[in-house]
Protein chains: 2
Amino acid sequence: METTPETRATASHDGGHGAADVVDNAMPCGADRLLRMLWGQWKTHVIYVLGEQQACRFGVLRRRIAGISPKVLTTRLRELEADGLVWREQDNTIPPKVTYGLTETGRAVHHVLRDIEKIEV
Amino acid sequence: METTPETRATASHDGGHGAADVVDNAMPCGADRLLRMLWGQWKTHVIYVLGEQQACRFGVLRRRIAGISPKVLTTRLRELEADGLVWREQDNTIPPKVTYGLTETGRAVHHVLRDIEKIEV
DNA sequence: CGGCATCCTTTAGGATACTG
DNA sequence: CAGTATCCTAAAGGATGCCG
């Protein structure tokens, strides 16, 4: 799902008969792409925690998100980094020190998260 | 995942030693709940299409969302309805006629969807 | 400390066929 | 028309354990 970005809207060959009910492929839904960056069990929590401070180390992040396993946290962070929502800074020392934070886009997302929170359900 | 709402934050027993790094269980993240309503492959598309008009019949909806199967569309609609984002009106006639639309909350979501779309990535 | 690697279980998503 | 029912595959998610 994450690996194949455009698996849909591939049905434009059309049998050849006159198309009147041809599907509306001009689906706007740019929000879909961004929302997809927020799918997955812990994404919002990561954004939240990172949004509360300027930067955060891996271990701290992990402790602040109760119940997440290191593997999953790493995966989430890599996804968010690949999507340009999170930056990562690594010290190649022993012991290693890796710091994470939100990018500008990440902060924008953090902001809409706060808006979403306000919706009464 | 949808069926077990609070599987996390269950680690408050604490060994007994002074707790300084005790996890921050007061995770706010109310956005998480709403965002979760938007997970799943076609949710945003449904909200979008329904948001463009006042109401929409099942078949129309299905044709406007290229590639979705009836089963999946039904599932998505049931989920959105259960979450209070979509209403459903059924005529028990033959042939049946079922109409869907956004609730007030659904419209609020549709609105933030438009905001999210504006985020530059 | 901050990860990868490996394995496994659960869940989501979809194709197809049938029905009130 | 608007769904169910059944079956199947692909991902996501998570529990270890090892390594630089």
Side-chain angles (χ1 to χ4, degrees), chain A residues 1-5 7-11 21 32 35-46 50 55-83 86-101, chain B residues 1-5 7-11 21 32 35-46 50 55-83 86-101:
Chain A
M1 193 179 291
E2 312 279 351
T3 50
T4 53
T7 323
R8 325 174 195 138
T10 359
D21 61 78
D32 197 60
L35 245 10
R36 218 175 284 256
M37 299 177 183
L38 268 20
W39 285 7
Q41 187 94 71
W42 303 98
K43 291 265 184 88
T44 58
H45 296 258
V46 175
L50 287 178
C56 200
R57 290 188 59 181
F58 185 88
V60 177
L61 210 43
R62 187 183 166 187
R63 251 157 316 209
R64 287 187 55 100
I65 303 172
I68 197 167
S69 78
K71 180 198 128 179
V72 174
L73 179 54
T74 301
T75 310
R76 288 300 90 90
L77 285 166
R78 289 289 136 89
E79 290 162 356
L80 292 169
E81 192 193 356
D83 287 334
V86 161
W87 53 258
R88 176 177 185 273
E89 192 181 274
Q90 176 174 7
D91 269 26
N92 265 326
T93 53
I94 293 182
K97 175 177 171 180
V98 183
T99 313
Y100 295 92
Chain B
M1 192 182 291
E2 313 278 352
T3 50
T4 53
T7 324
R8 323 171 195 143
T10 1
D21 61 76
D32 197 60
L35 245 10
R36 219 175 282 255
M37 299 178 183
L38 268 20
W39 284 7
Q41 187 93 67
W42 302 99
K43 290 265 184 86
T44 57
H45 296 259
V46 175
L50 287 178
C56 200
R57 290 187 59 180
F58 185 87
V60 176
L61 210 43
R62 186 183 165 185
R63 249 156 316 203
R64 287 188 55 100
I65 302 172
I68 198 168
S69 77
K71 181 197 125 179
V72 174
L73 179 53
T74 302
T75 310
R76 290 297 92 90
L77 285 166
R78 290 288 138 88
E79 290 162 355
L80 292 169
E81 193 193 355
D83 287 334
V86 161
W87 53 258
R88 176 177 184 273
E89 193 181 274
Q90 175 174 8
D91 269 26
N92 265 326
T93 53
I94 294 183
K97 176 177 171 180
V98 183
T99 313
Y100 295 91

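Chain letters run A, B, ... following the sequence lines, proteins first and then strands; every chain starts at 1.
Taking CG of Leu61(B) as the reference point, atom CZ of Arg76(B) lies at 13.0 Å (rounded to 0.5 Å).
Distances shorter than 4.0 Å separate some side-chain N or O of Arg78(B) from OP1 or OP2 on dG3(D). Using a 4.0 Å cut-off, some side-chain N or O of Gln41(B) falls inside it from OP1 or OP2 of dG14(C). A close approach under 4.0 Å does not occur between any side-chain nitrogen or oxygen of Trp39(A) and OP1 or OP2 of dA12(C). Between dG2(C) and Arg88(A), no contact under 4.0 Å exists linking OP1 or OP2 to a side-chain N or O. Of the side-chain N and O atoms in Tyr100(B), one or more sit less than 4.0 angstrom from OP1 or OP2 of dG3(D).
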Evaluate the side-chain contact (heavy atoms from CB on, under 4.5 Å) criterion for residues Trp87(B) and Thr99(B): first the C-alpha distance (whole Å), next the side-chain angles of each, then the deciding distance (0.1 Å), finally the verdict.
CA-CA 8 Å; Trp87(B) 53 258; Thr99(B) 313; 4.2 Å; yes

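Taking atom CD1 of Ile94(B) as the reference point, atom P of dC1(D) lies 14 Å away to the nearest angstrom. Taking atom CG of residue Asp91(A) and atom P of nucleotide dG2(C), one finds them 10 Å apart after rounding to whole Å.
For Arg57(A), whose side chain is taken as the heavy atoms from C-beta onward, the closest listed nucleotide among dG20(C), dG3(C), dG2(C) is dG2(C). Taking only side-chain atoms of Lys71(A), from C-beta outward, the nucleotide of dT6(C), dA2(D), dG3(C) with the closest atom is dT6(C). If you check dA2(D), dG2(C), dA15(C) against the side chain of Val98(B), the one that comes closest is dA2(D).
Mapping Pro95(A) and Ile68(A) onto DNA chain D by nearest heavy atom places Ile68(A) at the nucleotide closer to the 5' end.
Within 4.0 Å of Val72(B), counting heavy atoms only, lies at least one base atom of the nucleic acid.
Taking the charged nitrogens against the carboxylate oxygens, Lys43(A) and Glu79(A) do have a contact shorter than 4.0 Å, which makes a salt bridge.
You'll find the side chain of Tyr100(B) reaches within 4.5 Å of the side chain of Phe58(B), heavy atoms only.
The rotation axes computed at either terminus of the helix from dC1(C)-dG20(D) to dG20(C)-dC1(D) lie 50° apart, taking five pairs at each end and rounding to 10 degrees.
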